[in-house]
2 protein chains.
Amino acid sequence: MAATDRALTGLRQMIASGELGPGAKFPPEPELCDHLGVSRSSLREATRSLAALGVIESRHGSGTYVSALDPAEIISRFSLSVELIPLEGVLQLLEVRRILEAHATAAAAARQDPALAERLADILDRLEKTTDATEIQVLDAEFHGAICEAGGNPTVTALTGVIRGRGGHYRIFEPGADFEAIKRTSDLGHRAILAAITHRDPAAAATAASAHIAQTELWLRALRPVPQVDLP
Amino acid sequence: MAATDRALTGLRQMIASGELGPGAKFPPEPELCDHLGVSRSSLREATRSLAALGVIESRHGSGTYVSALDPAEIISRFSLSVELIPLEGVLQLLEVRRILEAHATAAAAARQDPALAERLADILDRLEKTTDATEIQVLDAEFHGAICEAGGNPTVTALTGVIRGRGGHYRIFEPGADFEAIKRTSDLGHRAILAAITHRDPAAAATAASAHIAQTELWLRALRPVPQVDLP
DNA sequence: GACCGTAAGTGGTCTGAGGACTTAACATCA
DNA sequence: TGATGTTAAGTCCTCAGACCACTTACGGTC
């Protein structure tokens, strides 16, 4: 087996075997090199791989640690790769988001939390007032994010968040030909979701969320020209 | 910004900007180092990160290439990290699988493909005959995998596959106290799913799949002792 | 035309060195 | 005594250079 793979397997094994749990500290690099039988370069490439996957964290001057191994955090790391997926693949992902978010929205409606409805209404008030593309995107994420959070499964929240972030790169809400019609349809979709949550109607909430995201899928399908993405 | 981060951002930008599409070849490492203003070590750590995420592929002696950027392949890379998630997180992930697979199973039932039903029946025949833990796991994966595939969304298939693989590490089917009862319940669940697909009843299929996976969640919840994982 | 060896191109690995950051122990001062 | 500044040890980060292993394509040979 290649050196880096050997290091990679060794590091993963140390975690999988229970030798190192979440938050635990790895031995210093030279010691690990000796233990795994690889050079520092290979070891560092292996640690970088696991760091990219959210499994470990290297802290400059302090040490290398096992991450919390929280599924939501690990899924968040996906955004680094999901942001590069072309439109064709994004549509597949949007179906995943539609299914999961319909479920989460239903769960949120079933939860019967007056504070949630109030907060969502406040977000929509602000959302309906603005025409700025960036602000629309932020408030939309806040709306759906709050609902998913209320759904109770942080993993679902993280996963839908990553997909929503990717979709946001395709700027549907740029002022253009159909801007006003699209914006109005979107606003109405949000109100339908909020109404279902306010009325504590899980089935209606799932349907409204599903329809709202399906609408986004249709817009994206029409938006064939591949956009530029600005990375940080 | 740190050297490796600079390289990472630069590489991602080359893809995000459209300069390099799926399958495209990167310039040789020395040229990239010069272009990005980092040493070869730092560049290599950056490429390893992106390779771990499934965004690029390095082929020894040939070059470094942009991957297909297929969401299903990218999600498959997740298994490297998902396999290390502790039981608590696996339960959150299983809920994701339950939601997605219920949907995919319904879609498969709606598809009305006689060949699928035949293939599934064959798998179940073999599954019901064996008591070998590994073989059970393989056939179970084959059964659910075939259904998800028929569901029509490869991303859903990949995601459920990764989660199922993680759950499989907790060996529910080891011969033990409740082995026979568990096995019989599991077999019945599979037959219920197959019946719904054969009868082309999407709603029943979704319910059966959901119930089957929910049962698995219950077994896992009861299985508190953390198992050892054997990595390849 | 098919096969094979060779050479150029490219990523993989190792070694050694110095720099940058974190942490904790220690000394100093009010 | 308590707070503060200093120092030193520990650790990861980056660079440079060299050599190895693999792939590919070219050109020669049969």
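We name chains A, B, ... by the order of the sequence lines, and we start the count at 1 in each one.
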Roughly, in whole Å, what's the span from CG in A:Leu43 to C1' in C:dC14? 13 Å

From CG (A:Leu220) to CG (A:Leu91), nearest 0.5 Å: 6.0 Å

What parts of residues 28-36 of chain A reach DNA chain C, counting only heavy atoms under 4.0 Å away? none

Euclidean distance, atom CZ of residue A:Arg6 to atom C1' of C:dT13 [Å, nearest integer]: 10 Å

Check: A:Asp140 and A:His190 side chains under 4.5 Å, non-hydrogen atoms: yes

Pick out the pairs of N or O atoms, protein on one side and nucleotides 18-26 of chain C on the other, that lie under 3.5 Å.
unit_1: C:dA20; atom_1: N3; unit_2: A:His60; atom_2: NE2; d: 3.1

Whole-Å distance separating the CZ atom of B:Arg48 from the C1' atom of C:dG12: 8 Å

From CG of A:Leu8 over to C1' of C:dT13, roughly how many Å is that when rounded to an integer? 16 Å

Tell me which donor-acceptor pairs under 3.5 Å the side chains of residues 49-56 of chain B have, and how far apart each pair is, sequence neighbours excluded?
unit_1: B:Ser49; atom_1: OG; unit_2: B:Glu45; atom_2: O; d: 3.2

B:Arg166 and B:Ser79: side chain donor to acceptor below 3.5 Å: no

Before accepting this row, confirm whether a basic side-chain N of the pair B:Glu29/B:Arg40 lies closer than 4.0 Å to the acidic partner's carboxylate O. yes

Rounded off to whole Å, could you give me the CE-to-C1' distance for the B:Met1 and D:dT14 pair? 15 Å

Measure from CZ on B:Arg44 to C1' on D:dC15 and round the result to the nearest Å. 15 Å

Whether A:Arg59 and A:Glu57 form a salt bridge (side-chain N of Lys/Arg under 4.0 Å from carboxylate O of Asp/Glu) is what I want to check. yes

Nearest whole Å is fine: how far is D:dC13 P from A:Glu45 CD? 14 Å

Nearest to side-chain heavy atoms of B:Ser41, which nucleotide of D:dT14, D:dC15, C:dC14: D:dC15

Picking from D:dC13, C:dT13, D:dT14, which would you name as closest to the side chain of A:Ser58? D:dC13

Would you indicate, yes or no, if D:dC15 has its OP1 or OP2 atom less than 4.0 angstrom from a side-chain nitrogen or oxygen of B:Ser42? yes

Would you mind reporting whether A:Phe26 and A:Leu11 have side-chain heavy atoms less than 4.5 Å apart? yes

So what does A:Thr4 touch, heavy atoms closer than 4.0 Å: a base, only the sugar-phosphate, or nothing? sugar-phosphate

Mutual orientation of the aromatic rings belonging to B:His212 and B:His144 [parallel < 30°, tilted 30-60°, perpendicular > 60°]: parallel

Indicate yes or no: does A:Glu135 engage A:Arg126 in a salt bridge with an N to O separation below 4.0 Å. no

